[in-house]
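Every chain is numbered from 1, with letters handed out A, B, ... down the list of sequences. The structure presented is a predicted model; accordingly, all values stated were derived computationally and were not measured.
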Protein chains: 2
Amino acid sequence: MARITAGKHASKKDVITHKAALLFRTRGFAVASMRELAEMLGVEAPSLYNHIGSKSELLQNICFSTANEFTLQLDEVENDTEAPAAKRIEQIIRFHIRMMLEKFDEVYVANHEWKYLPDPYLGNFLNQRRAYEKRLTGIIEEGIRKKELRPLNAYIAVLTILSAVRGLEFWHRGNREVPAAVLESNMTDHLLKGLIK
Amino acid sequence: MARITAGKHASKKDVITHKAALLFRTRGFAVASMRELAEMLGVEAPSLYNHIGSKSELLQNICFSTANEFTLQLDEVENDTEAPAAKRIEQIIRFHIRMMLEKFDEVYVANHEWKYLPDPYLGNFLNQRRAYEKRLTGIIEEGIRKKELRPLNAYIAVLTILSAVRGLEFWHRGNREVPAAVLESNMTDHLLKGLIK
DNA sequence: CCTACCGATCGGTAGG
DNA sequence: CCTACCGATCGGTAGG
């Protein structure tokens, strides 16, 4: 069971960044104003600039710290060379689902608002995401070679899995009758059953 | 094979709306300016207002005409009462995939920018989408009752399917080596295999 | 942490 | 279809 680190010793900058994630998710980065963010924190807008550099720096921090969490978890899974491919994919699916439920605002912003990243960062972010997808594809391809998985197109399988998991954002605001554990096992099951021989 | 209607006899308003879909997708609704849209069409910004009412009216037209296409297709599928549940779900999956590939800008905007709809329309849009998901859930529940499908949580299955299909937006800008037909059959297969007994 | 304020950009209108 | 233009809002700085 992978741990998801919770923020402790939150600095003022951390507090601002966390509230910004909430604001950027609900309003959208482009529409969200620093005046709104300031109001959420009980200060005037110019005061924010004692702790942060700019509005877009907030977006960068949210997007990259989230991306890094996913990359770190993938490192761990890849180092577990004993596990069969299906088991490793399952770990990743479960981690995605749990991140979606526990760090909803940050994951949502990283998924939806990255396009507003300024120029060098935008490219870095997309490269990092592409690399992540490539590594997932590699795990599935290995599983197919070893006859552990059905001989499907690995790239499309990755696309299918990542997108399905991302769709949990709709669950968050909708049907709350389904408990998180049921959701995690059902969705993992559905996606794996389509993968395994 | 469901048909997807192509725009003929395009009025000036249709041309503006179609270009707006492209602009809103690439730049985001909030950041896209009417001056940019005008430039794409070779006119000055105020001239647009001879054909359209407002920027947000453009968004409304894109979101609702897209939503209506999906609803109409669902009507058709539901009327085909002979077909088993898996067959009906397959038809819907394939329609989603094809819409994603053929009307990419419009579907993308309806999926991502609906939150900028002004107040009465925002609620209508969300209601329409919720009703659509409910009807899909109903088809799957029926399939489970008739023992045609595995006894999974129908709501989560709908979430999984709709989200996976939506993820094709990443394919559009990425890996073009996979032909559309392969993509459609692979993804449909993956999702159905997880559903069928 | 605040008040005061700047330059830029926006959606949209007036008037022809 | 255009030019000219308005009121509002924005990110961010100066200066304390």
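- Residues forming a side chain to side chain donor-acceptor pair (under 3.5 Å) with B:Asn153 (at least two apart in sequence, or on another chain): none.
- Sequence neighbours left out, not one pair with a member in residues 40-52 of chain A passes side-chain hydrogen bond (donor to acceptor under 3.5 Å, both in side chains).
- Stem regions for DNA chain C, each three or more consecutive Watson-Crick or G-U pairs with both distances under 3.5 Å and listed by first number, read C:1-16 with D:1-16.
- For the side chain to side chain contact (heavy atoms under 4.5 Å, CB included) test, residues two or more places apart in sequence or in another chain that qualify with B:Asp75 are B:Thr71, B:Leu72, B:Arg135.
- Considering only residues two or more places apart in sequence or on other chains, A:Phe24 meets the ring-ring contact (aromatic ring centres under 6.0 Å, His included) condition with A:Phe29.
- Scanning for salt bridge (charged side-chain N to carboxylate O under 4.0 Å, His left out) contacts around A:Lys13 gives A:Glu57, with sequence neighbours left out.
- Evaluation of the side chain to side chain contact (heavy atoms under 4.5 Å, CB included) rule for A:Ser33 yields A:Arg35, A:Glu36 as partners, not counting sequence neighbours.
- Under the side chain to side chain contact (heavy atoms under 4.5 Å, CB included) criterion, B:Ala157 pairs with A:His190, B:Ile140, B:Leu152, B:Leu195, sequence neighbours left out.
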Handout entry: Sequence-aligned protein contact record of nucleotides 3-16 of chain C, with B where the base is within under 4.0 Å of a protein heavy atom and S where only the sugar-phosphate is
Key = BB-----BBBB---
